[in-house]
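Just so you know, residue 1 is the first one in the sequence shown, and it goes up from there. Quick caveat: nothing in here was measured; it's all calculated off a predicted structure.
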Amino acid sequence: QVQLVESGGGLVQPGGSLRLSCAASGIIFSFNTMGWYRQAPGKERELVAAITIGDTTNYADSVKGRFTISRDNAKNTVYLQMNNLKPEDSAVYYCNAKRGRNFEIWGQGTLVTVSS
């Protein structure tokens with residue numbers, strides 16, 4: 001089956017950096033759009049960053065300038081480089097991938113905790 005496997009979460013101090021990875025497996029096609037969402041306790045899941053197969057990117061205002069999304073189409077992998085992390089960035093980060101408008105899958109989530 002098609003699935004997304006996330007990695008790279010962890011505990012970091014404010015101002016630190018993490019690099020999240022999300023690898024798609026069990027597929028023979030490319031996703032049009034891949035992205036990262038996050039959800040903190042008591043909050044709705046929100047879009048953090050997204051990238052199209054043509055490398056067009058979109059970022060939440062709260063992370064613009066600090067986070068960078070990229071993808072390796074040959075590996076069907078998307079990355080999220082997170083720099084200058086803040087406590088408010090703490091959340092479970094979920095990888096998302098879309099093909100067209102009718103096919104969408106999610107990763108299991110990876111926990112990012114930013115704390116002193």
How far does [atom1] of [X] sit from [atom2] of [Y], to the nearest 0.5 angstrom?
X: Met34; Y: Thr52; atom1: CE; atom2: OG1; result: 12.0 Å
X: Asn32; Y: Ile51; atom1: CG; atom2: CD1; result: 13.0 Å
X: Leu18; Y: Gln81; atom1: CG; atom2: CD; result: 8.5 Å
X: Ile27; Y: Ile105; atom1: CD1; atom2: CD1; result: 6.5 Å
X: Asn76; Y: Ser25; atom1: CG; atom2: OG; result: 9.5 Å
X: Thr68; Y: Tyr79; atom1: OG1; atom2: OH; result: 14.5 Å

Minimum heavy-atom distance [X]-[Y], with the two atoms named:
X: Leu4; Y: Cys22; answer: CB-SG, 3.7 Å
X: Ile53; Y: Ser30; answer: CD1-CB, 3.8 Å
X: Trp36; Y: Ser21; answer: CH2-O, 3.6 Å
X: Leu85; Y: Arg66; answer: CA-NH1, 3.9 Å
X: Gly109; Y: Tyr94; answer: CA-CD2, 3.6 Å
X: Asn84; Y: Ser17; answer: N-OG, 4.2 Å

With clusters defined by side-chain heavy atoms of hydrophobic residues (ILVMFWY) lying less than 4.5 Å apart, directly or transitively, does Val92 cluster with Leu47?
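Yes, Leu47 and Val92 fall within the same hydrophobic cluster.
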Evaluate the ring planes of Phe67 and Tyr93, with Trp represented by its six-membered ring, and classify them as parallel (under 30°), tilted (30 to 60°) or perpendicular (over 60°).
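Taking Tyr93 first and then Phe67, their aromatic rings sit tilted (interplane angle of 30° to 60°).
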Any donor-acceptor pair under 3.5 Å linking the side chain of Tyr59 with the backbone of Ile69?
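Checked: pair present.
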Under a 3.5 Å distance rule, please check whether Gln108 uses its side chain to pair with a backbone N or O of Glu6 as donor and acceptor.
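Checked: pair present.
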Met82 side chain reached by Val112 side chain, heavy atoms, under 4.5 Å:
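Yes - at least one pair of side-chain heavy atoms lies under 4.5 Å apart.
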Would you mind telling me which of Val78, Asn73, Thr77 makes a side-chain contact (heavy atoms from CB on, under 4.5 Å) with Lys75?
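Of the listed residues Val78, Asn73, Thr77, the side-chain contact (heavy atoms from CB on, under 4.5 Å) partner of Lys75 is Thr77.
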Would you please test Val63 and Arg38 for side chain to side chain contact (heavy atoms under 4.5 Å, CB included) and show each step?
CA-CA 12 Å; Val63 307; Arg38 67 186 181 189; 3.9 Å; yes
Verify the neighbour count for atom CD of Glu44: are there more than 12 heavy atoms of other residues, nucleotides or ligands below 6.0 Å?
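No, CD of Glu44 has 12 or fewer neighbouring heavy atoms, counting only those of other groups under 6.0 Å.
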